[in-house]
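This report concerns only the one structure given below.
These numbers come from the heavy atoms of this one structure, side chains and all, not from hydrogens, waters or symmetry mates. Naming convention: chains lettered A, B, ... in sequence-line order (proteins, then strands); numbering from 1 in each chain.
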There are 2 protein chains.
Amino acid sequence: MADGSDFGSVDLVGIGPGGSQHLTFAAADALRHADVVIGYHTYLSQIRARLRGKRVLPRDIGLEMERAAEAVQLACSGHCVALVSGGDAGIYGMAAPLFQTLEARGWLPGQPPRVRVIPGVSAAQAAAALLGAPLMHDFATISLSDLLTPWEIIVQRIEAAARADFVLALYNPASSRRVTRLDHAFGVIRRFRTAETPVAFVRDAGRSGETVGIASLGTARGRQADMHTVVIVGSSQTRRLGAAALLLTPRGYTSPAEPSG
Amino acid sequence: MADGSDFGSVDLVGIGPGGSQHLTFAAADALRHADVVIGYHTYLSQIRARLRGKRVLPRDIGLEMERAAEAVQLACSGHCVALVSGGDAGIYGMAAPLFQTLEARGWLPGQPPRVRVIPGVSAAQAAAALLGAPLMHDFATISLSDLLTPWEIIVQRIEAAARADFVLALYNPASSRRVTRLDHAFGVIRRFRTAETPVAFVRDAGRSGETVGIASLGTARGRQADMHTVVIVGSSQTRRLGAAALLLTPRGYTSPAEPSG
C-alpha cells in the first residue's frame with residue numbers, strides 16, 4: 001500500500017437537482033471517467049444515459065455511511081469510483097459521510113485513493129431560480145430533519161435566522177415521521193415576521209414535474225410540503241411580484257433605485 | 001406591445017465560479033441560444049470561447065441596475081439576451097437587479113419578454129468542494145459588503161449565526177474601503193466559538209490559481225482575505241483533517257459512527 005499503485009479514486013459528484021440540464025461539465029466528465037458508479041437509485045436513474053457500460057451500484061435511501069465505505073473500498077481496490085450525490089454533494093449530501101469514512105481510515109490528502117469533490121447546483125438554488133430572486137441577500141439553510149440533530153438546536157437556528165432577518169431555505173420540511181415540524185417552524189418565524197411575508201413551496205425543483213406554490217406566512221401550513229419540497233421564507237424585504245409566483249428580495253436595505261457603486 | 005411579437009427574451013445565466021468545467025449544460029445552452037451577451041467583463045472573459053459570433057457587451061464592475069436595464073431593453077427590441085452573472089445569479093448576483101428592473105416596468109410572468117433564471121455553482125460551493133465537507137450541516141451565507149446594507153444589520157446576522165452554531169460562509173470579506181470588517185466579524189464570532197474553530201480562506205475558488213488557507217479562529221486575521229476570497233468559519237462541530245487543508249462538519253450532533261437511518 002506504500003506507493004498506492006493499486007489504488008483508484010473517488011470522485012464525489014453532485015449531479016444537481018435532477019434534470020440533466022443542471023449537470024455541470026465537470027460532473028459529466030467525472031461520470032465519463034468512472035468505471036464504477038454508486039449512489040441512491042433515484043439519483044442514478046436521473047443520469048441513466050451517462051452510465052452505459054459502467055458497473056452501476058444503485059443503493060436504497062439512507063445508509064449513507066455504508067455507501068461511502070463501499071465507494072472507498074472499491075477505490076482502494078483500484079477502481080475509479082463516482083459516488084453520486086443529489087444537488088450539491090457538500091450541502092446535506094454525501095460529502096460528510098465520505099470524509100468521515102476517510103478520516104476513520106486515517107486517510108489524508110496526497111495519500112491514495114485520490115479524492116475530489118465536484119460541486120453541483122443545490123435544491124435551494126434550483127427552487128430560487130424558479131422563483132426569480134428570493135435568496136438575493138443573506139440567507140440561512142436549515143434542515144428540519146431531527147434524525148441526527150436535536151430538535152431544540154433546529155428550533156434555535158430557525159429563531160436566530162428569523163430574528164436576524166435572513167431569508168430561510170428549509171430542507172427536509174416534512175416526512176411521515178415529522179408531520180408537525182414545519183408548522184412548528186412557521187410558528188417560530190411568525191414571532192419575527194409579518195403575516196404578509198411570502199413563503200414558497202417548491203416541489204421537485206429542477207426536475208420534471210416541478211411545481212411552485214406561494215403562500216404568506218400567515219396562511220402557510222406544514223401540510224403544503226412533503227419530503228420533495230424546499231420551503232423558502234422571505235426576509236422583511238422580500239416581496240411578491242403582483243399575484244405571480246415570483247419573489248424578489250432586493251440586494252440591500254436602501255432604495256432600489258440607488259446605484260450599487 | 002400587446003401580442004409581444006417584437007419581444008425577445010432574457011436568460012439570466014449563472015456561469016459558476018469561473019472555471020469552464022463548472023458551467024452547467026443549461027447555462028451553455030442559454031449562451032448558445034443568445035444573440036447578445038451582456039455582463040461584467042471578467043465573467044465574459046471566462047466564457048470567451050462560447051461567445052464567438054455573438055454581439056458581446058462587456059461592462060465594468062458595479063452599475064448592476066444599468067446592466068439589467070440594458071438587458072431588458074435589448075430583449076424588448078427583439079433580442080435573445082444572455083445576462084451573465086458570476087457563480088449563481090440568485091446569490092449576490094444579477095437576479096435582484098433584473099427583477100427590480102422588470103418590476104419597475106410593471107412586467108409580470110407570461111408577458112414579454114420571456115425571462116428565465118439558470119442556476120449555477122456559487123463561490124461558496126466551489127470553496128466548500130475544495131475543502132472537503134465544511135458546509136455539511138446548516139449554514140448561513142452573509143455578505144460583509146455595507147454598500148447597500150447597514151453594518152449594524154450585518155453584525156446582528158453574524159452574531160445570530162454564530163450564536164446558533166451555523167457554519168458561516170462570508171462573501172465580500174474585504175475591499176480597499178473595508179479593511180477592518182472581517183476582523184470585526186471574527187471578533188463577534190469569537191464570543192461564541194472556541195479559538196480552535198477552523199477558518200478557511202479560499203481565494204479564486206473554482207478558477208485557475210485557486211488557493212486555500214486554513215487558520216483557527218484564534219489566529220485568523222482579516223488581512224488574509226481580499227475581494228476574491230470566500231471565508232468559511234466552522235461550527236462547533238467542524239474539525240480539520242490532521243494538518244490538511246480539509247474541513248469536515250459532520251451531518252449531525254450524534255456520534256459519527258451512528259447509522260443515519
Around Arg48(A), counting heavy atoms of other residues, nucleotides and ligands shown, do more than 12 lie under 6.0 Å from its CZ?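 Count not over threshold, so no.
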
I need the residue from [options] with the largest number of non-hydrogen atom pairs under 4.5 Å to chain A.
options	answer
Ala126(B), Ser20(B), Pro97(B)	Pro97(B)
Thr101(B), Val117(B), Asp138(B), Leu241(B)	Asp138(B)
Ala128(B), Pro17(B), Gly93(B)	Gly93(B)
Ala140(B), Ala129(B), Ala133(B), Ala160(B)	Ala129(B)

Region of [X] that comes under 4.5 Å of a non-hydrogen atom in chain A:
X	value
Leu246(B)	side chain
Arg163(B)	neither
Gln156(B)	backbone
Ile91(B)	both
Ser122(B)	both
Asp165(B)	both
Leu168(B)	neither
Thr249(B)	backbone
Ala28(B)	side chain
Ile142(B)	both

Does the side chain of Gln237(B) come within less than 4.5 Å of Tyr253(B)'s, by heavy atoms?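 With C-beta onward as the side chain, the pair touches.
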
Hey, does Ile232(A) have a side-chain heavy atom less than 4.5 Å from the side chain of Leu131(A)?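 Contact flag for Leu131(A)/Ile232(A) side chains = yes.
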
Listed by chain and number, what are the ring pair (Phe, Tyr, Trp, His ring centres under 6.0 Å) partners of Tyr43(B), not counting sequence neighbours?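 Applying ring pair (Phe, Tyr, Trp, His ring centres under 6.0 Å) to Tyr43(B) gives Tyr40(B).
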
Mind checking whether Tyr171(B) and Tyr92(B) have parallel, tilted or perpendicular rings, split at 30° and 60°?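 It falls in the tilted class, 30° to 60°.
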
Electrostatic pair Arg59(B):Glu66(B) at N-O distance under 4.0 angstrom: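 No, Arg59(B) and Glu66(B) are not salt-bridged.
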
Using a 3.5 Å distance criterion without hydrogens, assess whether the side chain of Thr238(A) forms a donor-acceptor pair with backbone atoms of Ser235(A).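 Flag set: sc Thr238(A) to bb Ser235(A) pair under 3.5 Å.
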
Quick check: does any side chain N or O of Asp11(B) sit under 3.5 Å from a backbone N or O of Val13(B), one acting as donor and the other as acceptor?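 Absent.
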
Before giving the answer on side chain to side chain contact (heavy atoms under 4.5 Å, CB included), spell out for Glu210(B) and Leu130(B) the whole-Å C-alpha distance, their side-chain angles and the decisive distance to 0.1 Å. CA-CA 9 Å; Glu210(B) 62 192 5; Leu130(B) 285 177; 3.3 Å; yes

Let me know if Ile154(A) has heavy atoms under 4.5 Å from chain B in its side chain, its backbone, both or neither.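 Interface part for Ile154(A): neither.
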
Of the listed residues (Gln125(A), Gln21(A), Arg157(A), Met94(A)), which shares the most heavy-atom pairs with chain B below a 4.5 Å separation?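 The option with the most such pairs is Arg157(A).
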
Contact winner vs chain B - Gly132(A), Gly242(A), Ala244(A), heavy-atom pairs under 4.5 Å: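 Most heavy-atom pairs under 4.5 Å with chain B: Gly132(A).
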
Tell me every residue that passes salt bridge (Lys or Arg N to Asp or Glu O under 4.0 Å) with Arg67(A), counting only those two or more places apart in sequence or in another chain.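 Partners of Arg67(A) under the salt bridge (Lys or Arg N to Asp or Glu O under 4.0 Å) test: none.
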
Can you spot which of His137(B), Met136(B), Arg239(B) makes a side-chain contact (heavy atoms from CB on, under 4.5 Å) with Pro250(B)?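 When His137(B), Met136(B), Arg239(B) are each tested with Pro250(B), the side-chain contact (heavy atoms from CB on, under 4.5 Å) holds only for Arg239(B).
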
